[in-house]
Amino acid sequence: MRILIEEYQYNVTDVKDTLYGIDALENVEGKVSVHYVGYYYNTLQRDCVFILPKVLLMDDKSKDSKKANLVFGKYCPEEILNLDEHNPLTKEERDFVYKFAVWIYRAIVVYKDDKQYDTGIVYYKRIQQVGSGRRRRSNTYLDILLTLIRFAKENQSFFFYIVKNMHSGLNKINWTRTIAKQPAIIQENSPIYLNPANKKRQINFDEELLVIFFSILNYIGDKYGFTKNICVQFPLIKGQKFEAYLNGYGCTRLRQIKYKYFSDKAIELWELCFAFFDESRHLRVSTEHKEYLLVKNFYIVFEAIIDELIGDKPLPDGMDKKQEDGKVVDHLFTAQSLIDNEDKQTYYIGDSKYYKMGHELGSESIYKQYTYARNVIQWNLDIFLDNKEPESGVRLRDDITEGYNIIPNFFVSAMMNEKFDYADDGIVQTHRENKRHKKTHYENRLFDRDTLLLFHYDVNFLYVLSLYARDDRSQKNKWKQKVRRMFRKEIQEWLQQDYSFYAMRAKVHINGEEYIKQHFKELIGKVYTPYTDETVYSLALDRKPENIETNQELIEMLRTAFYVEECRLGQDPNEVLPDVQPIVEYKADNTDLALCIVKEGVNFDNAISTLKRTGTVGVALQMNGATLTLVEGFTKARYLLIHNKSNRYELFIFDGTGPTLVPKSKMQDDVITTKKDADLYLTYKVKTDVAVDFGKLNLLPITRNPKTSYHPQLIPIKSFVTE
């Protein structure tokens with residue numbers, strides 16, 4: 001077997017004979033490279049030549065320059081050119097190369113049979129059947145599988161002839177033996193024999209050979225996706241029992257029954273089965289004609305593989321892969337939004353990159369991917385401008401905030417699993433240096449049309465190749481859903497490293513939409529309505545150190561009108577936001593007093609959260625001789641006003657039962673208090689299930705009063721109510 005690597009620059013003298021009969025080569029300064037992937041039979045060398053994908057090579061510009069342009073990071077392609085004369089590969093590597101070609105063959109066949117793709121890049125001529133021609137110098141695993149499949153297809157009459165002979169005469173009664181050995185029962189003058197002697201069935205080696213043969217067809221059908229062509233319903237060898245055949249018992253059993261066959265067809269079938277288990281290289285295959293299955297520009301096949309496994313067909317909302325400006329997007333699908341965890345959908349845009357291992361993205365590829373996203377955004381806007389609704393339900397622009405949803409935009413590159421593991425089905429962050437890219441027009445505006453994010457992932461080439469080659473609809477759909485969830489989770493985690501996300505809901509006396517319009521300049525690109533409940537907003541702020549101060553000022557401003565709580569991407573905002581209680585209007589009376597308590601910074605938010613959970617507040621009292629200070633006035637308070645000596649406040653009403661004296665030893669730890677470790681507390685019960693509305697309060701009487709202290713105060717509520 002000869003091995004070539006796609007696009008590798010060989011010396012012409014090294015590969016001249018190996019490339020016999022293959023055209024469309026590029027010569028560069030005495031070098032030659034082949035731009036095909038696939039299989040062909042070289043009639044000059046009477047040997048199979050496999051052209052394997054360049055993904056087996058390390059890139060020239062990879063971090064480890066010692067591995068550049070080496071197969072598996074170890075071998076120069078010239079070293080494995082002729083594995084029969086010089087084979088430096090380990091057993092594991094030999095087994096991999098021996099069977100890897102089967103997956104490449106199957107992938108090209110599946111691609112060739114799919115009429116929606118450009119099959120003009122596939123060059124195919126039927127591989128010749130086993131025959132009496134000259135023996136090849138070596139044989140491949142693919143030869144064996146194709147010959148087995150062809151034998152099953154072309155010898156149906158042979159199988160039925162064997163089955164017919166096996167069963168002929170099985171139900172005939174041997175009357176001589178029956179009368180001689182069985183006593184008869186006479187009934188109505190007629191003898192009746194209860195156990196007549198039938199024709200004895202001997203061990204049938206023809207049947208066993210067919211069982212082994214059809215079990216092989218079943219195995220390669222399940223593993224590689226080949227058509228099984230099982231025409232006779234024998235009990236097949238499967239599972240662990242067949243694994244035992246693969247691990248040596250198959251050859252052993254076939255040797256035991258080898259001399260039971262005399263017909264040419266039976267002997268040929270035995271040789272095929274033995275070659276499969278022995279991975280033999282000595283089948284007789286006709287070499288009179290040229291044979292090949294090649295694909296030019298294998299990156300097109302790789303794009304088809306990824307699109308089949310992750311994309312939508314047809315594209316959502318009537319889109320076309322060829323965009324208005326002539327650019328062609330590789331993959332596009334709708335899936336769950338990054339922010340909302342319910343039914344909201346968004347577009348995901350992907351691009352396949354078929355590179356050598358470790359190859360970095362070029363600036364042109366990155367820029368083109370940004371352009372794809374801009375085109376998709378405009379397509380979605382045009383639908384609404386035409387007064388239509390997209391079938392997907394995706395709405396990228398929010399009319400209330402004039403913000404834009406995050407569009408996940410990503411590259412998918414192929415990588416080789418170092419352990420040759422086809423079962424590794426994950427997509428991971430690329431090991432390349434540049435994993436993420438971001439383009440902005442304005443800083444700290446994630447929900448902006450011109451903020452475009454780009455992520456880069458690697459996928460196990462062996463897994464997607466085998467999944468595509470098997471062409472099992474159920475397996476493909478299962479992985480598609482899994483990988484879409486994985487994309488969403490990975491992108492969410494990356495975004496949360498760079499941004500802080502909050503959920504916002506307007507307070508009872510605030511019209512959230514009007515507030516956002518009034519503060520449009522400060523909020524544009526920072527807020528968006530991604531949730532099914534459109535009264536809940538998402539706030540995203542860049543974590544860069546230079547933004548910390550302005551972000552905190554913005555949050556402080558918003559908290560005068562909204563409940564603002566941290567909320568991770570995909571988290572239900574109702575888990576962190578308080579319910580907006582029904583408004584209960586109270587008329588302020590000159591005699592109504594408000595107990596005013598100061599809590600600043602994070603203590604303000606913690607105090608409000610704790611109070612809503614416990615419904616209790618404690619005012620610290622100190623002993624003054626034998627009397628208690630401030631008790632008389634504080635028992636008359638009707639309202640609780642918690643403020644931060646600035647413009648943030650929360651107003652509550654007491655439940656009317658009056659305060660209670662509680663000693664320090666009996667105070668619960670989670671109750672908010674005006675001072676820790678006091679001797680005695682005056683505790684109040686607060687109604688947290690109603691909202692008190694006096695309109696917007698004016699806190700200037702205490703925030704601008706130089707005599708205002710951090711101690712609790714009693715102030716008439718009339719002092720704060722504006723007319």
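Not measured: the values here are computed from a predicted model.
Within a 6.0 Å radius of CZ in Arg397, more than 12 heavy atoms belonging to other residues, nucleotides or ligands are found. The local environment of NZ in Lys419 is sparse, with at most 12 non-hydrogen atoms from other residues, nucleotides or ligands closer than 6.0 Å. For Glu549, the CD atom counts as loosely surrounded, since its 6.0 Å shell holds 12 or fewer non-hydrogen atoms of other residues, nucleotides or ligands. A 6.0 Å sphere centred on OH of Tyr367 holds no more than 12 heavy atoms belonging to other residues, nucleotides or ligands. Within 6.0 Å of CD in Glu324 there are 12 or fewer heavy atoms belonging to other residues, nucleotides or ligands.
When side chains are defined from C-beta on, Leu361 counts as touching His437, because their heavy atoms get closer than 4.5 Å. For the pair Arg488/Pro408, no side-chain contact is recorded, criterion being any heavy-atom separation below 4.5 Å from C-beta on. Looking at heavy atoms from C-beta onward, Leu467 lies in side-chain contact with Trp479 at the 4.5 angstrom threshold. Inter-residue side-chain proximity for Pro316 and Glu391 is flagged as unmet; no heavy-atom pair is nearer than 4.5 Å. Looking at heavy atoms from C-beta onward, Lys645 lies in side-chain contact with His643 at the 4.5 angstrom threshold. The side-chain heavy atoms of Val412 and Asp351, taken from C-beta on, include no pair separated by under 4.5 Å. Counting only heavy atoms from C-beta outward, the side chains of Tyr372 and Asp330 never approach each other to under 4.5 Å. Put simply, the side chain of Phe447 does not reach to within 4.5 Å of the side chain of Leu523, judged on heavy atoms.
Considering only residues two or more places apart in sequence or on other chains, Asp317 meets the salt bridge (Lys or Arg N to Asp or Glu O under 4.0 Å) condition with none of them. Considering only residues two or more places apart in sequence or on other chains, Tyr681 meets the ring-ring contact (aromatic ring centres under 6.0 Å, His included) condition with none of them.
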Criterion side-chain contact (heavy atoms from CB on, under 4.5 Å) on Leu641 and Ile715, from CA distance to verdict: CA-CA 10 Å; Leu641 179 67; Ile715 300 176; over 6 Å; no
Steps toward side-chain contact (heavy atoms from CB on, under 4.5 Å) verdict (Gln492, Arg568): CA-CA 9 Å; Gln492 284 176 330; Arg568 293 178 61 81; over 6 Å; no
Derivation of the side-chain contact (heavy atoms from CB on, under 4.5 Å) call for Lys480 and Leu309: CA-CA 6 Å; Lys480 178 180 291 187; Leu309 299 181; 5.9 Å; no
Criterion side-chain contact (heavy atoms from CB on, under 4.5 Å) on Leu569 and Gln496, from CA distance to verdict: CA-CA 8 Å; Leu569 292 174; Gln496 285 168 157; 3.4 Å; yes
Evaluation steps, salt bridge (Lys or Arg N to Asp or Glu O under 4.0 Å), between Lys438 and Asp542: CA-CA 13 Å; Lys438 181 167 73 171; Asp542 198 313; 3.6 Å; yes
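Ring planes of Tyr457 and Trp494: parallel class, angle under 30° (limits at 30 and 60°).
Arg505 and Glu565 are not joined by a salt bridge, as no carboxylate oxygen comes within less than 4.0 angstrom of a charged side-chain nitrogen. A salt bridge does not link Asp472 with Lys478: every distance from a Lys NZ or Arg NE/NH1/NH2 to an Asp or Glu carboxylate oxygen is 4.0 Å or more. Between Arg436 and Asp498, at least one side-chain N (NZ, or NE/NH1/NH2) sits under 4.0 Å from a carboxylate O, which counts as a salt bridge.
Side-chain N or O atoms of Thr610 include none that pairs as donor or acceptor with a backbone N or O of Ala607 at under 3.5 Å. Without hydrogens or angle criteria, Ser538 side chain to Tyr528 main chain gives no donor-acceptor distance under 3.5 Å.
Evaluated for a side-chain hydrogen bond (donor to acceptor under 3.5 Å, both in side chains) with Lys685, the options Thr616, Thr614, Asp655 yield exactly one hit, Thr616. The only option from Leu577, Asp572, Val576 that meets the side chain to side chain contact (heavy atoms under 4.5 Å, CB included) definition with Cys567 turns out to be Val576. Exactly one of Thr529, Asp399, Ile400 qualifies for a side chain to side chain contact (heavy atoms under 4.5 Å, CB included) with Glu513. That residue is Ile400.
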Under 3.5 Å, side-chain donor or acceptor atoms of residues 661-669 against the rest of the protein: list the pairs with distances, not counting sequence neighbours.
none

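Residues Leu332 and Met319 share a closest heavy-atom pair of CD2-SD, 3.1 Å. Residues Glu389 and Ile383 come closest through the heavy atom pair C-CG2, 4.0 Å. Shortest non-hydrogen contact noted between Gly618 and Val671 is N-CG1, 4.1 Å. Nearest heavy atom pair, residue Arg484 against residue Gly311, reads NH2-O, 3.4 Å. The two atoms that bring Asp424 and Tyr463 nearest to each other are O-CB, 3.3 Å, heavy atoms only.
If you check the side chains of Asn380 and Tyr347, you find a donor sitting under 3.5 Å from an acceptor. Between the side chains of Gln378 and Asp382, at least one donor N or O sits under 3.5 Å from an acceptor N or O. Of the N and O atoms on the side chains of Ser337 and Asp340, not one donor lies less than 3.5 Å from an acceptor on the other residue. For the residue pair Thr451/Lys439, the side-chain donor-acceptor check at 3.5 Å is not satisfied. Checking His331 against Ser352 by side-chain atom types alone, a donor-acceptor pair falls below 3.5 Å.
A ring-centre distance under 6.0 Å is found for Phe487 and Phe410. Aromatic rings from Tyr649 and Phe720 are positioned such that their centres are separated by 6.0 Å or more.
Geometric assessment of Lys687 against the ring of Phe652 yields a negative cation-pi assignment under the 6.0 Å and 45° thresholds.
Summarising the geometry, atom CD1 belonging to Ile608 is positioned 9.0 Å from atom OH belonging to Tyr563; distances are rounded to the nearest 0.5 Å. Atom CD1 of Ile672 sits about 4.5 Å away from atom CG of Leu611, to the nearest 0.5 Å.
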